[in-house]
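Taking it in order: structure first as structure tokens, then the write-up.
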Amino acid sequence: MDPETKEIAIIGAGLAGLCLALALGQQNIACTVYESRSASLNIGGAIMLSPNSLRILDDLEVYECIREKGFNFDYVEYRDVEANTIEKHEFGSYEKHGYKALRIYRSIVIDAFLTKLAKRNIPVVYGMKFKCIVTEAEDGVIWESADGSQHSASMLVGADGIHSTVRDYLYSGLTPAFSGIAIIGAKLPAMQLKLTPGFHLPVTLMSKRGAFIIAPQDVHCTEVMIGKQKRFEDPGIAGWDAVEADKQSMVDFLQKEAQGFPEIIHNAVSIIPTENIAIWPFYTVPRLERWSSPQYRIIIVGDAAHAIPPPAGQGTNQAYEDVYMFALLLAQAKKADIRKALNFWQSYRQGRIGAIMALTNQINLRRMPKEEGKEDEQLEDFNLDWLYSVDLKEVVDDWICT
Ligand SMILES: Cc1cc2nc3c(=O)[nH]c(=O)nc-3n(C[C@H](O)[C@H](O)[C@H](O)COP(=O)(O)OP(=O)(O)OC[C@H]3O[C@@H](n4cnc5c(N)ncnc54)[C@H](O)[C@@H]3O)c2cc1C
């Protein structure tokens, strides 16, 4: 067994785990990240980062390293089938929130985290798979990795994603629920769209048969992602492999659905190499009663605690809010107050996650084909100041003062 240590063990070197390590490092709290993969995951498309999390990345000195490496923008435009602009969905604003939104490849953000962590001598151990908790006591945790070795830590944080093994310790056998919707998306050269000058991206083109979304992937918008959501019967976790393997059906779906949409969509779907197409079923983790173990030594964050479907583009953003606020509270709360601090953290964070789930439902109403008799469903305005303007330092300071 490792010698006794006061370090926090972080399970998972995804976007949440790496950000947590930096946030703890900023507070001079020692930690080590353990990742089951043999190296960092260098694949995956782009994600949207909004001001609420860019403020966090700025404070962690990561924003300056990534800002110029992604596509900066203020809003997603909604257009009808004639390509007339109907509304704009704000994703960021320098004037209002201090930051434009940033669409950036996941791997660039991961590399930026790893560079900062290396500079601060915060270890990331690859090829170390968490297996189970051996014991949890008042003063720490002993856990076991898949190779059979045991390790001790003052706390263990599960940042191990939607299919979290750490979560099993809190909720044995809980499995994420399929929402009934998946998005089929393809990455394409932007030139293929034959955009007219001034045509705004990202864009959502809406019809009664659902919506196509087009979003830039990189800083100069040389590559775009085009996608359309589809309702699915749940094939079960294993069943998705067969759906994913049938690439031609996915290409056929996008090409068939393009009928009735403007030229830009026809151009987009004209050539879709099968190796560039993928499907992402939307799974959710139900609202959990607790994100901490009874002794408050085992915590879950990010997708492990609250995976939310991607339409609002907030999965990663909310993971950053989780871990940054967690680190601030841990640094400030006196030992005796840690339980209270973690209760406050969870209830504050769940309030925001609940509001984002409601926003996700609103976006789905726009994106999905209209159901019979629901044509006139009321759509709410997108006023998202509550989402983007949050200052978690202030939130924590206010709580500490009360
Ligand atoms: C199609 C799609 C588009 C999205 N777009 C956006 C977007 O635009 N904006 C946004 O904010 N979010 C977006 N998201 C959501 C975002 O990807 C997730 O919310 C985010 O990646 C969650 O990060 P995480 O670190 O919690 O989990 P993950 O990224 O899943 O990382 C978990 C890590 O833990 C490791 N791990 C797992 N088990 C173990 C174990 N037993 N031991 C050790 N390590 C382990 C994994 O290998 C992995 O590296 C999107 C999601 C999808 C599916």
Side-chain angles (χ1 to χ4, degrees), residues 8-12 14-17 19-20 23 130-143 153-180 234 237 282-310 312 314-330 332-333 335-361 386-387 390 392 395-396 399 402:
I8 293 183
I10 300 170
I11 306 300
L15 293 165
C19 187
L20 173 59
F130 168 87
K131 186 176 155 205
C132 62
I133 300 292
V134 180
T135 55
E136 179 188 9
E138 282 277 327
D139 59 346
V141 178
I142 296 179
W143 61 280
S154 58
M155 257 183 169
L156 180 139
V157 182
D160 52 342
I162 187 163
H163 302 293
S164 167
T165 313
V166 176
R167 188 179 58 221
D168 284 344
Y169 179 73
L170 305 181
Y171 293 93
S172 173
L174 182 141
T175 48
F178 176 52
S179 68
D234 186 0
I237 299 270
F282 297 173
Y283 277 84
T284 56
V285 170
R287 191 177 193 281
L288 300 176
E289 207 182 305
R290 51 182 206 281
W291 293 355
S292 316
S293 59
Q295 312 246 39
Y296 292 80
R297 292 284 151 189
I298 293 143
I299 318 289
I300 47 175
V301 298
D303 274 12
H306 53 66
I308 38 183
Q314 279 295 316
T316 305
N317 292 288
Q318 290 308 303
Y320 292 163
E321 287 193 21
D322 284 355
V323 300
Y324 181 72
M325 187 176 173
F326 174 79
L328 289 175
L329 279 165
L330 215 58
Q332 294 211 38
K335 201 173 177 229
D337 289 334
I338 281 179
R339 291 171 185 228
K340 276 192 196 158
L342 290 179
N343 288 343
F344 166 66
W345 169 72
Q346 180 180 335
S347 77
Y348 181 85
R349 295 292 311 122
Q350 277 187 324
R352 284 177 67 78
I353 300 291
I356 287 156
M357 287 304 285
L359 174 66
T360 301
N361 292 336
W386 62 270
L387 176 56
V390 67
L392 292 174
V395 172
V396 169
W399 183 78
T402 54

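Everything quoted here is computed from the prediction, not taken from an experiment.
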Completion exercise
Tightest non-hydrogen contact, residues A307 and I162, listed as CB-CD1, 3.4 Å

Completion exercise
Contacts of Y324 meeting ring-ring contact (aromatic ring centres under 6.0 Å, His included) (sequence neighbours excluded), chain-then-number -> none

Practice task
Decide yes or no for I298 and R167: does some side-chain heavy atom of the first lie under 4.5 Å from some side-chain heavy atom of the second?
Solution key: no

Problem - Sequence neighbours excluded - salt bridge (charged side-chain N to carboxylate O under 4.0 Å, His left out) pairs with any residue from residues 342-352 - result: E321-R349, E321-R352, D322-R349

Practice task
Take L392 and Y320, measure what side-chain contact (heavy atoms from CB on, under 4.5 Å) needs, and give me the verdict at the end.
Solution key: CA-CA 11 Å; L392 292 174; Y320 292 163; over 6 Å; no

Practice task
Check whether any side-chain heavy atom of P310 lies under 4.5 Å from a side-chain heavy atom of T360, and answer yes or no.
Solution key: no

Fill in the blank from the handout: Separation between CG (L174) and CG (D168), nearest 0.5 Å, reads 8.0 Å

Handout entry: Separation between CG of D337 and CH2 of W399, rounded to the nearest 0.5 Å
Key = 5.5 Å

Exercise for the section: Under the side chain to side chain contact (heavy atoms under 4.5 Å, CB included) rule, collect the residues that match up with Q295, sequence neighbours excluded. Expected result: E136, E138, R297, R339

Exercise for the section: Using a 4.5 Å cut-off on heavy atoms from C-beta on, say whether the side chain of F178 contacts that of I237. Expected result: no

Practice task
Might you point out which heavy atoms bring V390 and Y348 nearest each other, and give the distance in Å?
Solution key: CG2-OH, 3.3 Å

Problem - Sequence-distant partners of N317, side chain to side chain contact (heavy atoms under 4.5 Å, CB included), two or more places apart - result: L49, S50, N52, S53, Q314

Exercise for the section: Let me know which of V134, I133, L156 forms a side-chain contact (heavy atoms from CB on, under 4.5 Å) with I142. Expected result: V134

Handout entry: S293 side, atom OG; L170 side, atom CG - distance, nearest 0.5 Å
Key = 6.0 Å

Practice task
Keeping the roles fixed (side chain from S179, backbone from F282), state whether a donor-acceptor pair exists under 3.5 Å.
Solution key: yes

Problem - Pair I300-L288, side-chain contact (heavy atoms from CB on, under 4.5 Å): steps then yes or no - result: CA-CA 11 Å; I300 47 175; L288 300 176; 3.9 Å; yes

Handout entry: Heavy-atom check, side chain of W291 versus side chain of V157, under 4.5 Å
Key = no

Problem - All side chain to side chain contact (heavy atoms under 4.5 Å, CB included) counterparts of N361, not counting sequence neighbours - result: none

Exercise for the section: Report yes if some heavy atom in the side chain of M155 is under 4.5 Å from a heavy atom in the side chain of V141; otherwise report no. Expected result: no

Problem - Smallest separation among heavy atoms of L329 and A341, with atom names - result: CD1-O, 3.7 Å

Problem - Interatomic spacing from CZ in F326 to CD in Q346 - rounded to 0.5 Å - result: 12.0 Å

Problem - Closest non-hydrogen atom pair, V301 against A159 - result: CG2-CB, 3.7 Å

Problem - Main-chain N/O of E289 paired to Y171 side chain as donor or acceptor, under 3.5 Å - result: yes

Handout entry: Shortest non-hydrogen contact between W143 and A153, atoms and distance
Key = NE1-CB, 4.5 Å

Exercise for the section: Take I299 and L342 through the test side-chain contact (heavy atoms from CB on, under 4.5 Å) and record every step on the way to the result. Expected result: CA-CA 9 Å; I299 318 289; L342 290 179; 3.6 Å; yes

Practice task
Measure the spacing between CG of N343 and CD1 of I338 and express it to the nearest 0.5 Å.
Solution key: 12.0 Å

Problem - Test side-chain contact (heavy atoms from CB on, under 4.5 Å) applied to H306 and V285, step by step - result: CA-CA 5 Å; H306 53 66; V285 170; 5.6 Å; no

Practice task
Using side-chain hydrogen bond (donor to acceptor under 3.5 Å, both in side chains) as the criterion, list what pairs up with D160, not counting sequence neighbours.
Solution key: S164

Exercise for the section: Please examine the side chains of Y283 and T175, heavy atoms only from C-beta on, and report whether any two atoms are closer than 4.5 Å. Expected result: no

Exercise for the section: State, with a plain yes or no, whether a side-chain heavy atom of I308 is found less than 4.5 Å away from one of T284. Expected result: no

